[in-house]
Colleague: 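What follows is a structure written as structure tokens; I'll ask about it next.
Every chain is numbered from 1, with letters handed out A, B, ... down the list of sequences. These values consider heavy atoms only, across backbone and side chains, with no hydrogens, waters or symmetry-generated copies.
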Amino acid sequence: MCLGIPGKIETIHSASEYERSGKVSFGGISKEVNLSLVPEAGVGDYVIVHVGIAISTIRKEEASKVFKLLKTLG
Amino acid sequence: MCLGIPGKIETIHSASEYERSGKVSFGGISKEVNLSLVPEAGVGDYVIVHVGIAISTIRKEEASKVFKLLKTLG
Amino acid sequence: MKYLQEYRNGDCIRTVAAELEKTSSRPWTLMEICGGQTHAIAKYGLQQLLPPGIQLVHGPGCPVCVTPQEIIDGAITIAAMPDVIFCSYGDMLRVPGSVSDLLQVKAGGGDIRIIYSPLQALHLAEQNPNKQVVFLAIGFETTATANALTLSLAKQKSLHNFSALISQFLVAPAIRSICARKDCQIQGFLAAGHVCAITGYEQYHQLAENYHIPIVITGFEPLDIIEGVLRCIRQLEGGHYRVENQYQRAVTQAGNRTAQSLLKTVFKISAQHWRGIGEIPTSGLILKEEYASFDAARRFNLPTSNRADNRGCLSGEILLGLKKPCDCPHFAQKCHPQQPLGAPMVSSEGACAAYYHYRDQVSVNGSALPNSPNR
Amino acid sequence: MKYLQEYRNGDCIRTVAAELEKTSSRPWTLMEICGGQTHAIAKYGLQQLLPPGIQLVHGPGCPVCVTPQEIIDGAITIAAMPDVIFCSYGDMLRVPGSVSDLLQVKAGGGDIRIIYSPLQALHLAEQNPNKQVVFLAIGFETTATANALTLSLAKQKSLHNFSALISQFLVAPAIRSICARKDCQIQGFLAAGHVCAITGYEQYHQLAENYHIPIVITGFEPLDIIEGVLRCIRQLEGGHYRVENQYQRAVTQAGNRTAQSLLKTVFKISAQHWRGIGEIPTSGLILKEEYASFDAARRFNLPTSNRADNRGCLSGEILLGLKKPCDCPHFAQKCHPQQPLGAPMVSSEGACAAYYHYRDQVSVNGSALPNSPNR
Amino acid sequence: MDLHCPILPTDNDTVRLGHGSGGAMTQRLLTDYIQPLFNNTWISQAHDSATLPWNTDRLVFTTDSFVVTPLFFPGGNIGELAVYGTVNDLAMAGAEPKFLSCGLILEEGLPMVTLKRVLQSMAKAAQSTGVMLVTGDTKVVERGKGDGIYINTSGVGQQISQWPIEPGRICRGDVILLSGDIGRHGIAVMASREGLEFESNLTSDCAPLNRAVAELIQAGVEIHCLRDLTRGGLATALVELAESCGKTFSLDESRIPVSEAVEGACEILGLDPLYVANEGRFVAFVPESSSKLATSILRGTVAGSLCEIIGRVGDGDHPQVALKNSLGCDRLLQRLPGEQLPRIC
Amino acid sequence: MDLHCPILPTDNDTVRLGHGSGGAMTQRLLTDYIQPLFNNTWISQAHDSATLPWNTDRLVFTTDSFVVTPLFFPGGNIGELAVYGTVNDLAMAGAEPKFLSCGLILEEGLPMVTLKRVLQSMAKAAQSTGVMLVTGDTKVVERGKGDGIYINTSGVGQQISQWPIEPGRICRGDVILLSGDIGRHGIAVMASREGLEFESNLTSDCAPLNRAVAELIQAGVEIHCLRDLTRGGLATALVELAESCGKTFSLDESRIPVSEAVEGACEILGLDPLYVANEGRFVAFVPESSSKLATSILRGTVAGSLCEIIGRVGDGDHPQVALKNSLGCDRLLQRLPGEQLPRIC
Ligand code: SF4
Ligand code: SF4
Ligand SMILES: [Mg+2]
Ligand SMILES: [Mg+2]
Ligand SMILES: [Mg+2]
Ligand SMILES: [Mg+2]
Ligand SMILES: [Mg+2]
Ligand SMILES: [Mg+2]
Ligand SMILES: [Mg+2]
Ligand SMILES: [Mg+2]
Ligand SMILES: [Mg+2]
Ligand SMILES: [Mg+2]
């Protein structure tokens, strides 16, 4: 129940508290996404988008941790 | 406004005053026709049917008068 | 088919035509009232059998021609509404309103059903309780009777989702109005047989008397029509002006009493606007108060229009036999069958449309009518 | 695509797999909670990279599997109504109710729209004020958040023609219920990353503690999953039972506070029936009183059903990892993907359907699994 | 004089039912939209099929889509129509029908048993006409975007007549043969539509014509032109042919067979049988010298048993069709502007 | 393991959208309903067209109906599709496309300008592929019984390859070439549908393939089989071919080109690009010995510039398609039961 895809925020605009939205790009396409639930995310940030709504902001520092682990293995 | 075609009453049935109807044949076809407005007409009679409703009973005696006239001319 | 075939017999018809030839000594102008008669005249080419001096003028008895533009506009408004099933006879779908027609509404998604009988519309209302079923109730006394029957059944069945957009015409007042004009050119009438099957023809005696004009109740088959013409010409040549009944097999002097009382139950007489002619007093039928809840114009709050449906068209004079289509400056110019300005260009029985097509035929043959404009 | 491709790198994944091989000394049974993880495992063939003793059991985190039949029946009832636009995610359309499915309703004329976001349903309600727009709000905390957002917008906009048929599940109570069974075979959990992105994972510490079971919050890419497995196995081999967060780039311990408060505004916790498993206390969400007017079950007066959706199917035991599909007497006999008797035969992520297809593949190769029934 | 309401749409901005009627609106769609774009020798043949060079041979190619409501009607169904319609178009070009394609557009929700019955009829019809259905395609459209089944069939045939059979070969003095009574298909379909509800024994004339044509050709009848009568009826077919060949046709109305049932239905609905659709009737133009042979051959076939000589190609070089009725009066036939609608006036 | 929801309808009593998906339901429609009724040598070729004897020659005949929503999408429209689709089916049989038919089913209310634009595209497409549209038909259906325009095109071509190009000629060891990146048509159409609303520069791959095929044939490449990838995508096409020839195909997933935009859209919607529709891509089966020549020729054509060797025909004689991914794991490709629906799980 969790198809969530990372995309990059390109623009942000806001009509009301729950109508904060923006264009988010996913590789070669972009889509209007509701950003109300990630108030901390700004243009340039990556967010996880589920059914047209961003649910989480990707923390860049944490994203690379797995590759550090890999170095200790490889 | 007057497309009216002569047909022969084959059957009659009646549900209410204005729902007297019956099967009327027109050459090779027959159709259900409302017969409320021709209370005098019975099975075997010819009626003039306009938009699914019989408006007049054909008087056989009168129908041949024109041919009598013709004889006087021919 | 019995009571049709025998009245289409070529020998009989030619016999009457020969008698007519013998009888008529000079030009006469007659009007056939009913569009159904006009249709038969065109279909069988009956004009070809008449002596050259005898001219048949098409009367106002074509509902396609006389239904006011405001009714068509109202029909279009209702038919385009969601949750409406709009029911009409096929021939009304092509009649232009001020900016559109019903076929265009249908193409645009309106739920329009071509029906053959008003009872079908009633049936649709019973089958579709969640829809408003609206019937376009146009035409003359014949059709009015069928509509009255339908409306009283609707009332009896308490069908609250059924209504009718009413535009009903009465023939006798229209004949009187034609006769009453000072410039009237009509010398005799072929009255509409099926209308008279309902109404009878008592009321015609006074008309014939008052205006010194023969009136022959006439049927619809070629033999009926040519006999009607013969009877009219015989009176004219003899200087008579009586009511005669050519169509005795279907019409009695008293008419259909059941139908008449039904008409009186549902409708009352009112003034009526005839497309291209204008208003004629007491020439229409509207719903009585007891039936007002079935009035679609009321139910759907149609605006009352200004009735400006003429736009410089000579149709009134043409329908009264006073002018010919080619006298009209718009004929075949701004006005043609694909884009009619006035009623007589609308239906193929309309005089302007008939002239338009005849003109085409002649120009194919390389010659042109003296009066026809250049292309 | 950034944050996807790097987690699909074959070299990295094989490195982790090799480490896993080294780490695991004996068979272990883990459960991945989320259907999205199950999908990735199947798509990438990850089972092929695991040491033979490590078994991944599919958890109950597939909404197609667990949505009760009564909800599907309710959806079918509403979707078949006139003047309703019924909105659903694509994957729900094929789920059978007791006698039909939504695709069949659509084929029968129901206005069913496949949507991608609940906000689309809201938009449809704004665009179609004369229709009732109903959204099938199924799934877990992630989807519940999106639905809560949608419902609060609907309330803010006073959209009286919008409602949702609610069937929302909570993951943690389901995990607890699995752990609490005496016959539980699961030795570690890969928790659902996107659910935890909303809820955080504070509540998992006590679970791990109480049931002595490792829980690793895990992402959805192959590298995430294999790392999640490795972290679990390391704990198991070391005799630990902690909560670990493999999916740190998207999940924090606290979760998404904005989403959590929104969920609390719209929903309250209730007991929930899981298809094939039965009722689990406090494992569902229903609308609060302030939002009750948006409840489609109430608006359309759905009957409360008897919840008898089992019909002799072993799905409960299978979803809990206690039995294998081929232990079921109906497997591949009365029950197959074209005519599923129980939830696990419904979705391709369901264990019975997976076994069914695997069986096909084997018999093509001429041999058969020891446990597979004869054709 | 045209007997039909001449009103054409007041604007041309949308497709209307009349554009598919086979009448004047269809014609204008063709001349204004299609012909300017697809101009080549073969499409300009003004026939229902194209006769194409294929090495030393002549290949005839045609297509038609079938969209009838209801799908089943007395005397046939859409499946038979789809096979016979294309077989007939090939036959009308003097070709032996060989191969058919079948493109189905199914509406979501169509009962599978209906589909099965239609396909069975197609298979039977193909077998009975000796044509092989060799390639196909099936699409499904959403509920409310179709009408049960639409079928396209395209056909490939081999010309078996020694000369082309086409409108351009119609000559002065040619006799016009009509293969049987007219209007049965249109009325049978109407009679089975909801609302009209006739009762009659009337069945559609829906039938294959290729055997009858093959017999004419084999007997050495010098056929100038053939045309099956479909939508628009006899009148429209003849007006089209008169325009294609630039000649005047004279018809004798009393020689045109119309069954009692068709006549009755047309009277009630205010329709003209000359414009009602057929699916198993054709006209043949043959020189006077062949007319007796042609008539006697046709009367020996199933499809042509009621064959009549209904008229002649006259001396005039105006493209027109004149119909003389039993009163001796003439009337020029015209294309209808759009569909023939029931009339109550 | 099948990645898609395997649920088929619980009963077969009505047509469903899945019957037109190109997947398992379409297949069953074919095997259960069509094949038992229309059994002949030509229809059993299991190809999208029939190769037919015509004197000493071989004639190729095919048909397709086109029902796309919306009618215009980035990179093309229904008119182009209708021409290219049939041209491509002919090309896939090693034929030179010669003649097309066109059957239009128009919905009442369609704007005439829309019709005109579609027809103009068809004319241009026909001209650019060298095929002639020679015969046609137009029907109009009532509003609400169509979807703007449906187009059927049927095509006749002449076989130009010296041997038949068909599934039965696929050999062990054959190399499988894919002419370009996949999934563009399906995603471009979806992106322009109301509700999904992507932004991207993505255009449909809609294109004619006949020139590329002609170049391969002229260069003497020994083509065993060709198949254009339409509904059902690459995976369905290969599963069908594997079943037709009874062989095992092994594919290398990392060699299958997918554009960034298609990838992004598929991720969001939970779709698999292997099952997304194409309209200008094909696979070619050639012997190892020809693969280098074939690849270099195709890379020089517009339609094949992104051509890749994506797999091989293996030794196994089970009809199956195995896809090896970048992790070295295998997955068997299957027909989808019905349409691929967006997934959120
Ligand atoms: S030609 Fe047109 S404008 Fe003139 S009178 Fe006739 S209908 Fe009116
Ligand atoms: S095989 Fe069917 S009946 Fe048996 S457990 Fe699985 S889903 Fe239930
Ligand atoms: Mg054709
Ligand atoms: Mg034809
Ligand atoms: Mg045809
Ligand atoms: Mg196809
Ligand atoms: Mg429909
Ligand atoms: Mg094809
Ligand atoms: Mg193909
Ligand atoms: Mg194809
Ligand atoms: Mg045609
Ligand atoms: Mg539509």
Colleague: Could you go through C/M1 and B/I5, starting from their C-alpha distance and side-chain angles, then the distance that decides it, and tell me whether this counts as side chain to side chain contact (heavy atoms under 4.5 Å, CB included)?
Modeller: CA-CA 10 Å; C/M1 286 169 73; B/I5 303 298; 3.8 Å; yes
Colleague: When you look at B/F26 and C/L4, which way does the side chain to side chain contact (heavy atoms under 4.5 Å, CB included) test go after all the steps?
Modeller: CA-CA 10 Å; B/F26 306 87; C/L4 284 184; over 6 Å; no
Colleague: Measure the spacing between NE2 of B/H50 and OG of C/S117 and express it to the nearest 0.5 Å.
Modeller: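 Between atom NE2 of B/H50 and atom OG of C/S117 there are 9.0 Å.
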Colleague: I'd like to know whether the aromatic ring centres of B/F67 and C/Y7 sit less than 6.0 Å apart in this structure.
Modeller: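 Yes, the ring of B/F67 comes within the 6.0 Å limit of the ring of C/Y7, centre to centre.
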Colleague: Side chain, backbone, both or neither: which part of C/F169 has a heavy atom under 4.5 Å from chain B?
Modeller: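 Contact with chain B is absent: no heavy atom of C/F169 under 4.5 Å.
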Colleague: How far does CG of C/L119 sit from CG of B/N34, to the nearest 0.5 angstrom?
Modeller: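 So the gap between those two atoms works out to 5.5 Å.
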Colleague: For the pair B/R59 (side chain) and C/Q248 (backbone), establish whether a donor and an acceptor sit closer than 3.5 Å, ignoring hydrogens and angles.
Modeller: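 Side chain of B/R59 to backbone of C/Q248, a donor-acceptor pair under 3.5 Å: yes, one is there.
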Colleague: Counting only heavy atoms closer than 4.5 Å, note whether C/F220 contacts chain B via side chain, backbone, both or neither.
Modeller: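 Interface part for C/F220: side chain.
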Colleague: Identify, with sequence neighbours excluded, every residue that meets side-chain contact (heavy atoms from CB on, under 4.5 Å) alongside C/Q156.
Modeller: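 If we apply the side-chain contact (heavy atoms from CB on, under 4.5 Å) test to C/Q156, skipping adjacent residues, the hits are B/S16, B/Y18, B/E19, C/L153.
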Colleague: Distance from C/Y116 atom OH to B/L3 atom CG, nearest 0.5 Å?
Modeller: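 The OH atom of C/Y116 sits 7.0 Å away from the CG atom of B/L3.
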Colleague: Considering the options B/L37, B/V51, B/I53, which one meets the side-chain contact (heavy atoms from CB on, under 4.5 Å) requirement together with C/T145?
Modeller: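 With C/T145 as partner, B/L37, B/V51, B/I53 yield a single side-chain contact (heavy atoms from CB on, under 4.5 Å), made by B/L37.
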Colleague: Under 4.5 Å from any heavy atom of chain C, what part of B/I48 do you find: side chain, backbone, both or neither?
Modeller: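 Contact with chain C involves the side chain of B/I48 alone.
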Colleague: At a 4.5 Å cut-off on heavy atoms, which part of C/K2 comes close to chain B: side chain, backbone, both, or neither?
Modeller: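 Answer is both: backbone and side chain atoms of C/K2 are under 4.5 Å from chain B.
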Colleague: Considering only heavy atoms, give the residues of residues 251-260 of chain C separated from chain B by less than 4.5 Å, sorted numerically, with 'none' for an empty result.
Modeller: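 Within residues 251-260 of chain C, the residues under 4.5 Å from chain B are C/V251, C/T252, C/N256, C/T258, C/A259.
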Colleague: For each of B/A63, B/G27, B/S56, tally heavy-atom pairs with chain C at distances under 4.5 Å, and name the one with the top tally.
Modeller: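 Max contact count across the listed options: B/A63.
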Colleague: With a 4.5 Å heavy-atom cut-off, do C/Y3 and B/K8 have their side chains touching?
Modeller: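 Of all side-chain heavy-atom pairs linking B/K8 with C/Y3, none is under 4.5 Å.
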